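In what follows, every heavy atom counts, from backbone to side chain, and hydrogens, waters and symmetry copies are set aside. Treat the numbers as computed from the prediction; the structure is a model and nothing was measured. Reminder, nothing fancy here: chain letters follow the sequence lines and each chain counts from 1.
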There are 2 protein chains.
Amino acid sequence: MSMSFYTADSLKAELHERGWRLTPQREIILDIFQNLAAGKHLSAEELCELLHKEGHDISLSTIYRTVKLMARMGILRELELAEDHKHYEINQPHHHHHHLICVRCNQTIEFKNDSVLKIGDKTSKKEGYHLLDCQLTIHAVCPACQRSILPV
Amino acid sequence: MSMSFYTADSLKAELHERGWRLTPQREIILDIFQNLAAGKHLSAEELCELLHKEGHDISLSTIYRTVKLMARMGILRELELAEDHKHYEINQPHHHHHHLICVRCNQTIEFKNDSVLKIGDKTSKKEGYHLLDCQLTIHAVCPACQRSILPV
DNA sequence: ATTTAAAAGAGAGTTATTCTCAATAAGCTT
DNA sequence: AAGCTTATTGAGAATAACTCTCTTTTAAAT
Ligand SMILES: [Zn+2]
Ligand SMILES: [Zn+2]
Ligand SMILES: [Zn+2]
Ligand SMILES: [Zn+2]
């Protein structure tokens, strides 16, 4: 499992292995995710705003391309939460957690569970796959929504 | 956990509890999913084609509305596989499985693991949530893609 | 049979994401 | 240090999954 700490240098090395390049944009985006509070995830749009606020004008195209690239490298986790767009967060053991989502109000609780990663490790090894990330997603109805009579 | 076997009658009863109705369309769509081979999932478009082939002209609007409704009732599982659209499958204990996805070629392997459901049960109970479904999704690189030099 | 509101159908509308292509620049070569 | 090759960026158009709107139909209660 990757899930190691990436520096600009290790990112550069891994990119160069495949004939790719380290650009200032990629370095800045990695930096953003590494300094994000634990349990915080960003959509592409949110990342764009945050970058803008910090004085970095990176185009949306590049942002979409970069988070996809980093997810496929195992540097970021691509999360399908309740909303209609993806979220990204850094993929590191001490951040590793899972999501309990209310299907009615979309409230999301994060939780940790060590055996999930073990199952992911075992399963991918058994099939000869190289593990990048594993996520347990629980769909449920939260206490408040159970009490409400509102539709669905 | 719901995950029980639904008949037209039990679906009707559960819909009526909330002031909703059992329509022929809903009955037919439930039937399709219950007779699908184990481990088979359908996108909205695929479901539409299949219905058409069997002589049922149900509109895409209704299909989208129905699968969403049934997922929120816990009858169907909503899966985020590798492609850019959702898949649905029946939510029943003897079908319950998880997905190992190659992020490069999108090949997907299904696997069973009993402890995942236990973790989902325990976690949702602890938070007072009513469990509908839990899915372990593993992102990884398959053996063939590990060997290939192709990009990403 | 009548009534009421939920649901279906048709098609327009929305929006997250990808694609295209010209311009730029990373990093290798000399 | 300058030049070269080609990966990458930026801007905006294109795509497509999904939702919304509104009229018509119909489930099911009375
Ligand atoms: Zn999270
Ligand atoms: Zn809720
Ligand atoms: Zn499946
Ligand atoms: Zn593969």
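- B:Arg21 contributes a side-chain N or O that forms a donor-acceptor pair with the base of C:dA5 under 3.5 Å.
- If you measure from atom CD1 of A:Ile28 to atom P of D:dT8, you get 16 Å, rounded to the nearest angstrom.
- Each of B:Thr62 and B:Asp84 lies near DNA chain C, and the nucleotide nearest B:Thr62 is the one positioned closer to the 5' end.
- B:Thr23 comes within 4.0 angstrom of the backbone, heavy atoms only, and of no base.
- B:His87 and B:His85 have tilted rings, their planes meeting at an angle from 30° to 60° on a 0 to 90° scale.
- Both B:Ser43 and B:Pro24 sit near DNA chain D, but only B:Ser43 has its closest nucleotide nearer the 5' end.
- For the pair B:Lys12 NZ and D:dT26 P, the computed distance is 16 Å after rounding to whole Å.
- Rounded to whole Å, atom P of C:dT17 lies 14 Å from atom CZ of A:Arg72.
- Put simply, B:Gln25 has no side-chain N or O that comes within less than 4.0 Å of OP1 or OP2 on D:dT26.
- Nucleic acid contact for A:Leu22: sugar-phosphate only, since backbone atoms but no base atoms lie under 4.0 Å from a heavy atom of the residue.
- The side chain of A:His16 contributes an N or O atom lying less than 4.0 Å from OP1 or OP2 of C:dG27.
- An OP1 or OP2 oxygen of C:dT18 is reached within less than 4.0 angstrom by no side-chain nitrogen or oxygen of A:Tyr64.
- Comparing D:dA17, C:dT18, D:dC20 by their closest approach to the side chain of B:Glu45 singles out D:dA17.
- Under 3.5 Å, the side chain of A:Ser59 and the base of D:dA11 form no donor-acceptor pair of N or O atoms.
- Base engagement by B:Arg65 is indicated by at least one non-hydrogen atom pair under 4.0 Å involving a base atom.
- Rounded to the nearest 0.5 angstrom, A:Ile29 CD1 and A:Tyr88 OH are separated by 11.5 Å.
- Distance B:Leu42 CG to D:dC18 P: 13 Å, rounded to the nearest Å.
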- Message: Evaluate A:Glu27 against A:Lys12 for salt bridge (charged side-chain N to carboxylate O under 4.0 Å, His left out), listing each step before the verdict.
- Response: CA-CA 9 Å; A:Glu27 204 172 331; A:Lys12 186 172 190 170; over 6 Å; no

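- Rounding to whole angstrom units, CG of residue A:Leu60 and P of D:dG12 are separated by 12 Å.
- Between A:Lys68 and C:dT18 there is a side-chain N or O to OP1 or OP2 distance below 4.0 Å.
- When rounded to the nearest whole Å, the span between CD1 of B:Ile63 and P of C:dA7 equals 17 Å.
- Rounding to whole angstrom units, CD of residue B:Glu80 and C1' of C:dT17 are separated by 14 Å.
- Atom CG of A:Asp114 has 12 or fewer neighbouring heavy atoms from other residues, nucleotides or ligands inside a 6.0 Å radius.
- Remark: side-chain polar atoms of B:Asp133 are not paired, donor with acceptor, to backbone N or O of A:Ala140 under 3.5 angstrom.
- Separating the CD1 atom of B:Ile58 from the C1' atom of C:dA10 is a distance of 15 Å, rounded to the nearest angstrom.
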